[in-house]
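Quantities reported herein were computed from a predicted structural model and do not represent experimental measurements. Note that ligands are numbered from 1 as they come in the structure, with each ligand's atoms numbered from 1 the same way.
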Amino acid sequence: MLIKRVSEIPSSEVTPKWLYLNRRKFLAGALGVTAGALLGESLKQLAWPSQKVLAGSKLNVAAKSPFSTTEQVTPYNDVTHYNNFWEFGTNKEDPAKYATNFRTSPWSVKVFGLVDKPRTFTVEELQQLAPLEERIYRHRCVEGWSIVVPWVGYSFSALLKEVSPQPKAKFVAFESYYSPGQMPLGSHAGIELPYVEGLRLDEAMHPLALLCFGMYGGTLPNQDGAPVRMVLPWKYGFKSIKSLVKIKLVEKQPPATWNLANPPMYGFYSNVNPNVDNPRYSQAKERRLGEFFRRPTLMFNGYDQVASLYEGMDLKKYF
Ligand SMILES: Nc1nc2c(c(=O)[nH]1)N[C@H]1C(S)=C(S)[C@@H](COP(=O)(O)O)O[C@H]1N2
Ligand SMILES: [Mo]
């Protein structure tokens with residue numbers, strides 16, 4: 001094996017600290033020696049360079065998911081340093097820089113509206129509701145880039161069942177945390193905050209819709225929407241709302257931030273659709289972060305199993 005000096009390791013190979021620690025434990029167990037003695041200080045540095053990595057703590061992942069793609073996972077460092085989280089600035093590098101001190105504990109999520117059992121859950125309670133799965137999903141931003149991320153969470157439907165939606169409930173409205181004090185760049189973003197999003201109830205019930213607590217086996221970094229967010233792999237990235245604080249079951253289609261900001265550009269549904277171009281961004285192709293050639297974008301981002309949700313709908317009209 002070629003031993004590289006720390007300074008030569010590209011940032012894309014940086015490993016989250018807990019992952020690295022875990023590997024050490026595994027090696028120690030397998031070889032029956034202490035990890036410290038086995039690896040030594042210099043090798044430790046090789047796997048864990050001095051560069052600061054915003055990794056959270058490890059999550060107990062009970063299962064891998066059959067929904068996972070086998071495509072190559074995007075390096076952790078790319079996924080955590082190329083973000084859209086406008087509460088923390090509008091440049092892709094801003095959230096990694098300015099969300100560092102975001103306070104995500106204690107945290108609770110209020111679930112209310114047209115439900116029989118409204119309840120405010122702490123994040124810890126939410127994490128216990130169902131077994132955590134790893135789901136490796138493609139994630140397509142409307143701007144034309146895409147990533148492959150091993151998220152950790154469970155189907156959002158598990159939470160809905162817990163609160164018992166009433167028959168009148170037809171949509172789910174989501175709201176992100178917002179604090180001008182903690183998010184001073186938010187007022188310069190040019191969008192109305194708090195960030196809000198919505199789904200039709202049957203979309204929210206689809207098993208692919210993920211209530212997400214982590215990525216790469218650990219808790220979510222702040223810039224990726226800590227401590228809890230949605231991940232909707234068949235929709236453009238902006239539907240996957242970060243740092244959730246409110247979930248309300250409602251009768252009418254709720255407002256959605258980008259749809260409010262620019263209705264001709266961003267529809268309520270915003271399913272990935274290579275046949276419907278955005279007035280600003282063509283949707284036919286996408287660039288996977290780290291790759292040079294663009295690849296064709298797939299209908300529903302390749303998640304054909306959601307097609308039945310939209311049967312009979314004109315997807316050019318309901319874009
Ligand atoms: N609250 C909030 N949620 C948000 C956004 C945002 O600005 N604020 N950006 C969205 C967009 S445009 C994308 S592409 C994804 C990016 O998620 P990632 O940074 O974890 O890749 O988050 C979505 N969720
Ligand atoms: Mo996006």
Record the part of [X] in heavy-atom contact with ligand 1 below 4.0 Å; permitted values are side chain, backbone, both and neither.
X	result
Lys239	neither
Tyr195	side chain
Glu143	neither

* Structure fact -> Partner of Glu286 under side chain to side chain contact (heavy atoms under 4.5 Å, CB included), picked from Ser146, Pro274, Pro296, is Ser146
* Would you sort out whether Glu71 and Arg288 count as a salt bridge (Lys or Arg N to Asp or Glu O under 4.0 Å), showing the intermediate values? => CA-CA 11 Å; Glu71 284 165 82; Arg288 200 55 59 85; 2.9 Å; yes
I need the atoms of ligand 1 closer than 4.0 Å to a non-hydrogen atom of [X], numbered in the order shown.
X	result
Glu87	1 (N), 2 (C), 6 (C), 7 (O), 8 (N)
Ser240	22 (O), 23 (C), 24 (N)
Ile147	21 (O)
Ser176	1 (N)
Cys141	14 (S)

* **Salt-bridge criterion met for Lys242 and Glu197 (N-O under 4.0 Å)** => no
* Are Lys170 and Glu251 close enough for a salt bridge, meaning some N to O gap below 4.0 Å? ->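 Looking at Glu251 together with Lys170, the answer is no, because their closest N to O distance does not fall below 4.0 Å.
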* Out of Lys92, Lys242, Gln223, who gets a non-hydrogen atom closest to atom 19 (O) of ligand 1? ->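 Closest candidate by heavy-atom distance is Lys242.
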* Which of the listed options, Phe174, Trp86, Trp145, holds the heavy atom that is closest to atom 7 (O) of ligand 1? ->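 Ranked by closest heavy atom to atom 7 (O) of ligand 1, first place is Trp86.
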* **Asn84 versus Lys92, side-chain donor and acceptor atoms under 3.5 Å** => yes
* Asked: Less than 4.5 Å apart, any side-chain heavy atom of Lys235 and any of Val272?
  ->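 Lys235 does not reach Val272 side chain to side chain.
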